[in-house]
There are 2 protein chains.
Amino acid sequence: MSRGHTDVPEPVTEACPITEVLDRVAGKWSIGILVAAAQGPIRFTELERTVKGISRRMLTLNLRKLERDGLLTRTVHPTVPPKVEYALTPMARELHATLGELVGWAERHRSAIATARAAYDDARAAD
Amino acid sequence: MSRGHTDVPEPVTEACPITEVLDRVAGKWSIGILVAAAQGPIRFTELERTVKGISRRMLTLNLRKLERDGLLTRTVHPTVPPKVEYALTPMARELHATLGELVGWAERHRSAIATARAAYDDARAAD
DNA sequence: CTGAATCCTTCAGGATACTG
DNA sequence: CAGTATCCTGAAGGATTCAG
């Protein structure tokens with residue numbers, strides 16, 4: 001959350017369920033991981049390859065966060081070499097489905113947004 | 001987006017509509033503003049009071065971003081003192097509705113997540 | 001009232017090397 | 001293979017001041 005260096009009591013803002021979801025899904029990678037794991041159980045290295053651009057460190061941190069929130073299960077197979085599989089929990093599958101709605105919105109309005117931006121930008125460019 | 005200081009071409013990851021939405025709604029405040037404005041046209045100072053904890057700077061920056069993306073309209077009333085009203089566009093209303101789905105998810109699983117966390121945490125506490 | 005500008009702190013996240 | 005441990009940078013965001 002991070003509220004800077006001051007320490008005002010922050011009277012409101014909490015108890016907001018939207019913030020709750022977003023905090024869970026925030027960051028550059030959480031969703032990518034969720035999507036990659038949606039296909040079925042997936043291994044660490046597979047994730048590293050599938051979620052393009054992610055660093056090993058960020059992958060680990062995000063996996064831990066998602067696991068902690070009960071969105072991912074981590075299964076260690078005591079073989080050698082080690083094999084660890086991550087899978088979505090039912091709760092996470094629901095989330096994944098709901099995110100689909102957002103994707104729908106994004107796809108429907110993608111071009112409208114691009115247009116709005118262009119308009120806004122060259123309205124200011126015309127100073 | 002910020003990809004750190006390296007400059008790898010980043011072959012994939014883009015064209016992802018989820019990232020598109022999230023980028024638009026990301027940050028601590030965008031959603032709060034959207035929600036506050038969902039009630040109807042709202043003035044700068046009202047937003048400052050409604051979105052608890054936001055700084056004037058962040059409010060301005062986020063308003064500009066949302067306006068640029070075509071999610072908010074900004075209407076200046078040439079009175080004195082100046083009066084500026086912000087309102088959601090139809091596109092933003094749709095988004096607001098869709099976000100409701102996420103809120104639903106959050107509310108349904110809020111306690112499950114809390115439980116998962118507690119379990120995870122004291123599983124490690126028991127080293 | 002509605003901002004824009006400046007300065008400063010915190011933190012997410014990248015690179016890399018090392019371990020069981 | 002599946003991580004952990006360091007170190008470092010850029011961006012987000014808070015405080016404050018100035019201006020139309």
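The chains referred to below are lettered A, B, ... by the order of the sequence lines, with proteins before strands, and numbering in each begins at 1. Computed from a predicted structure; not experimentally measured.
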Quickly work out the [X] [atom1] to [N] [atom2] distance and round it to whole Å.
X	N	atom1	atom2	result
B:I33	C:dT2	CD1	P	14 Å
B:I54	D:dA12	CD1	C1'	13 Å
A:I31	C:dA12	CD1	P	17 Å
B:L61	C:dA4	CG	P	8 Å
B:K65	C:dA4	NZ	P	16 Å
A:L59	C:dA15	CG	P	14 Å
A:M58	D:dC8	CE	C1'	13 Å

Q. Considering only heavy atoms from C-beta outward, does the side chain of B:V84 approach that of B:R43 to under 4.5 Å?
A. no
Q. Between A:I33 and A:L72, is any pair of side-chain heavy atoms under 4.5 Å apart?
A. yes
If Ile, Leu, Val, Met, Phe, Trp and Tyr residues are connected whenever their side-chain heavy atoms lie under 4.5 Å apart, and connections chain through other members, are [X] and [Y] in the same group?
X	Y	answer
A:V76	B:Y120	no
A:L61	B:L22	yes
A:V25	B:W29	yes

Q) Knowing that exactly one of A:T73, A:L34, A:L71 qualifies, which makes a side-chain contact (heavy atoms from CB on, under 4.5 Å) with A:L88? A) A:L34
Between protein and nucleic acid, restricted to nucleotides 1-4 of chain D and to nitrogen or oxygen atoms under 3.5 Å apart, what atom pairs and distances do you find?
from, atom 1, to, atom 2, distance (Å)
D:dC1, O3', A:R43, NH2, 2.9
D:dC1, O3', A:P82, O, 3.1
D:dA2, OP1, A:R43, NE, 3.0
D:dA2, OP1, A:R43, NH2, 3.0
D:dA2, OP1, A:V84, N, 3.1
D:dA2, OP2, A:T45, N, 3.0
D:dA2, OP2, A:T45, OG1, 2.5
D:dG3, OP1, A:R64, NH2, 3.0
D:dG3, OP1, A:R74, NE, 3.3
D:dG3, OP1, A:R74, NH2, 2.5
D:dG3, OP2, A:Y86, OH, 2.6
D:dG3, O6, A:R56, NH1, 3.0

